[in-house]
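Structure, as structure tokens:
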Amino acid sequence: MEREKIIEEMNEILTTYCEGCLVKSTLRKDYNKVHAHQFCIQTCTVGEKLKLVGKKLVANKK
Ligand code: SF4
């Protein structure tokens, strides 16, 4: 049950901020997919939040 809540939280973040993200699509176009992904996980505060939620998911695995 807790895992479902965490996954829901993650989906909400992705839907709210990441779907159609102009920053990511611009970085993909101007550089490449890897550069855009690195920006997401290293620089963006939304990516930081996703990492935290992902850690909660790992901590709650059965
Ligand atoms: S993590 Fe940040 S930069 Fe990457 S897609 Fe989501 S909102 Fe956009």
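Just so it is clear, the values below take in all heavy atoms, side chains as well, and ignore hydrogens, waters and symmetry mates.
Across all non-hydrogen atoms, the minimal contact from R3 to L57 is NH1-O, 3.2 Å.
For NE2 of H35, the number of neighbouring non-hydrogen atoms (other residues, nucleotides, ligands) closer than 6.0 Å is greater than 12.
Interatomic distance, SG of C40 versus CD of E48, reported as 12.5 Å (0.5 Å rounding). Atom NE2 of residue H37 and atom CD of residue Q42 lie 9.0 Å apart, to the nearest 0.5 angstrom.
Among residue pairs with one or both ends in residues 7-31, those qualifying as side-chain hydrogen bond (donor to acceptor under 3.5 Å, both in side chains) are E9-K56; sequence neighbours excluded.
Chaining together hydrophobic side chains whose heavy atoms lie under 4.5 Å apart leaves I41 on its own. Chaining together hydrophobic side chains whose heavy atoms lie under 4.5 Å apart leaves V58 on its own.
Linking ILVMFWY side-chain heavy atoms closer than 4.5 Å, directly or via other members, places L27 and L14 in two distinct hydrophobic clusters. Both V46 and M10 are part of a single hydrophobic cluster, where members link through side-chain heavy atoms under 4.5 Å apart.
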- Message: Determine whether C18 and L50 satisfy the following criterion, side chain to side chain contact (heavy atoms under 4.5 Å, CB included), listing intermediate values before the conclusion.
- Response: CA-CA 10 Å; C18 298; L50 282 170; 4.1 Å; yes
